[in-house]
Amino acid sequence: MSEPQIQIVTEHDEPLRASNKHDAYINGSFHRMARVMVEDGNGRILLQKRAKHMEMYPDRWDNSAAGYVDDGEDYLTAALRELNEEIGLSNVTLTSLGYYRSSSMFDWRHLNRFNQVYKLIVDQDTKFKLKADEGAAVEWYTLSEIRRLTTEHPELCTDGLIEVIKRFYK
């Protein structure tokens with residue numbers, strides 16, 4: 001199965017063309033990410049631990065679900081797809097937490113991204129079904145625990161988790 005093409009955008013987040021991830025990283029092309037934070041309504045946030053074999057940020061804590069916006073998708077469609085693929089949630093309504101632009105590096109990869117962040121509130125007894133080849137675990141954390149994790153141990157977190165906590169969970 002071939003890798004999906006991601007949406008490449010201008011520096012103003014206007015669609016340009018499709019590309020594979022590798023070329024986007026090499027060229028430093030702007031691309032889109034959809035991120036979802038799942039909360040239980042009691043002050044806890046679900047984090048997903050990425051699998052050890054993942055190419056980027058292996059064995060690190062991440063947003064509840066996150067992924068690239070594929071060519072032809074909008075942010076919301078990508079967020080809903082990622083929620084279903086990564087933790088088995090479907091038929092849900094997401095609320096926008098916000099939007100931001102980021103630029104960083106991971107190894108040799110130039111990550112120039114526009115990020116749309118959503119929130120989903122679920123019952124604390126909701127069952128999750130992890131995508132075996134991506135997620136190693138999910139775990140509920142309080143906001144204070146996540147702040148401590150992202151500040152004291154950033155090497156255990158993805159850049160996306162650190163950014164979302166700093167920007168939207170003050």
Side-chain angles (χ1 to χ4, degrees), residues 1 3-4 6-7 13 21 31-102 104 106 111 113-170:
M1 188 168 126
E3 180 182 16
I6 64 172
Q7 179 67 65
D13 196 12
K21 293 176 203 172
H31 53 282
R32 294 173 169 174
M33 294 291 294
R35 302 181 183 281
V36 183
M37 301 298 282
V38 176
E39 301 178 18
D40 72 357
N42 294 317
R44 296 187 310 164
I45 300 168
L46 187 76
L47 298 186
Q48 180 180 167
K49 187 153 196 184
R50 294 173 59 82
K52 290 180 181 182
H53 69 271
M54 296 296 289
E55 180 182 351
M56 291 183 48
Y57 302 102
D59 202 30
R60 294 192 191 191
W61 290 105
D62 198 2
N63 308 111
S64 307
Y68 297 90
V69 176
D70 290 344
D71 186 46
E73 285 184 319
D74 58 24
Y75 286 104
L76 181 59
T77 302
L80 292 168
R81 175 180 48 77
E82 292 293 341
L83 261 178
N84 188 24
E85 288 177 1
E86 292 184 4
I87 59 174
L89 296 182
S90 59
N91 301 317
V92 297
T93 301
L94 301 178
T95 304
S96 176
L97 273 181
Y99 170 84
Y100 68 97
R101 178 176 158 176
S102 63
S104 63
F106 183 82
L111 306 175
R113 299 170 163 173
F114 288 94
N115 302 268
Q116 176 64 54
V117 184
Y118 296 96
K119 175 170 82 169
L120 172 65
I121 298 177
V122 300
D123 292 331
Q124 62 186 11
D125 59 350
T126 298
K127 301 293 181 218
F128 304 99
K129 183 179 179 194
L130 286 172
K131 184 176 182 181
D133 62 339
E134 285 189 27
V138 290
E139 197 168 309
W140 290 108
Y141 285 88
T142 65
L143 181 54
S144 63
E145 290 170 331
I146 296 172
R147 283 188 183 130
R148 192 168 38 256
L149 176 67
T150 58
T151 56
E152 294 177 11
H153 298 286
E155 74 282 1
L156 301 178
C157 305
T158 65
D159 66 338
L161 176 61
I162 294 168
E163 292 165 354
V164 167
I165 295 302
K166 282 183 183 176
R167 291 173 184 272
F168 303 110
Y169 289 89
K170 298 177 180 175

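To the nearest 0.5 Å, the span separating CD1 on Ile87 from NZ on Lys127 amounts to 13.5 Å. Here the CD-OG1 distance, from Gln48 to Thr158, works out to 10.0 Å after rounding to the nearest 0.5 Å. Separating the OH atom in Tyr141 from the CZ atom in Arg148 is a distance of 10.5 Å, to the nearest 0.5 Å. Note: Asn115 CG to His31 NE2 = 8.5 Å, rounded to the nearest 0.5 Å.
You'll find the side chain of Tyr169 reaches within 4.5 Å of the side chain of Leu97, heavy atoms only. No side-chain heavy atom of Asn63 sits less than 4.5 Å from a side-chain heavy atom of Tyr118. Considering only heavy atoms from C-beta on, Met56 comes within 4.5 Å of Arg50 through its side chain. Ile165 is not listed as a side-chain neighbour of Thr151, based on a closest heavy-atom distance of 4.5 Å or more. Annotation: side chain of Asp159 is not in contact with side chain of Ser102 (no heavy-atom distance under 4.5 Å). Between Leu161 and Met37, some side-chain heavy-atom pair lies under the 4.5 Å cut-off. Looking only at side-chain heavy atoms (C-beta outward), Thr126 and Phe128 come within less than 4.5 Å of each other. Between Glu39 and Ile45 there is a side-chain heavy-atom pair separated by less than 4.5 Å.
A donor-acceptor contact shorter than 3.5 Å is absent between the side chain of Arg113 and the backbone of Met33. Between the Ser64 side chain and the Leu46 main chain, a donor and an acceptor come within less than 3.5 Å of each other. In this structure, the side chain of Asp40 engages the main chain of Asn42 through a donor-acceptor pair within 3.5 Å. Arg35 places no side-chain N or O within 3.5 Å of a backbone atom of Asp62 that could act as its donor or acceptor partner. Side-chain atoms of Asp74 come within 3.5 Å of backbone atoms of Thr77 as a donor-acceptor pair (strictly under, hydrogens ignored). Within the 3.5 Å criterion, the main-chain N or O of Gly67 finds no donor-acceptor partner in the side chain of Arg81.
By the 6.0 Å contact criterion, CG on Asp125 is enclosed, its count of non-hydrogen atoms from other residues, nucleotides or ligands being greater than 12. The environment of Lys119 atom NZ is sparse: at most 12 non-hydrogen atoms of other residues, nucleotides or ligands sit within 6.0 angstrom.
Ring orientation note: the planes of Phe106 and Tyr57 are tilted relative to one another, at an angle of 30° to 60°. Note: Phe168 and Tyr100 have tilted aromatic rings, judged against thresholds of 30 and 60 degrees for the angle between ring planes.
Partners of Ser96 under the side chain to side chain donor-acceptor pair (under 3.5 Å) rule, at least two apart in sequence or in another chain, are Gln116.
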Item to check | Residue pair Asp13, Arg32: steps toward the side-chain contact (heavy atoms from CB on, under 4.5 Å) verdict | outcome: CA-CA 8 Å; Asp13 196 12; Arg32 294 173 169 174; 2.6 Å; yes
Checklist entry - When you look at Leu80 and Asn84, which way does the side-chain contact (heavy atoms from CB on, under 4.5 Å) test go after all the steps? => result CA-CA 6 Å; Leu80 292 168; Asn84 188 24; over 6 Å; no
Checklist entry - Can Trp140 and Gln124 be said to form a side-chain contact (heavy atoms from CB on, under 4.5 Å), step by step? => result CA-CA 9 Å; Trp140 290 108; Gln124 62 186 11; 5.5 Å; no
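The shortest non-hydrogen separation linking Glu155 to Glu152 is OE1-O, 4.4 Å. In terms of heavy atoms, Leu83 sits closest to Leu94 at CD1-CD2, 3.6 Å. When every heavy atom of Pro4 is checked against every heavy atom of Asp70, the shortest pair comes out as CB-OD2, 3.7 Å. Nearest heavy atom pair, residue Gly135 against residue Leu130, reads O-CD1, 4.1 Å. Taking every heavy atom of both residues into account, Ala34 and Ala79 meet most closely at CB-N, 3.7 Å. Taking every heavy atom of both residues into account, Cys157 and Leu149 meet most closely at SG-CG, 3.6 Å.
The side-chain contact (heavy atoms from CB on, under 4.5 Å) test with Asp59 singles out one residue from Met54, His53, Lys52, and that residue is Lys52.
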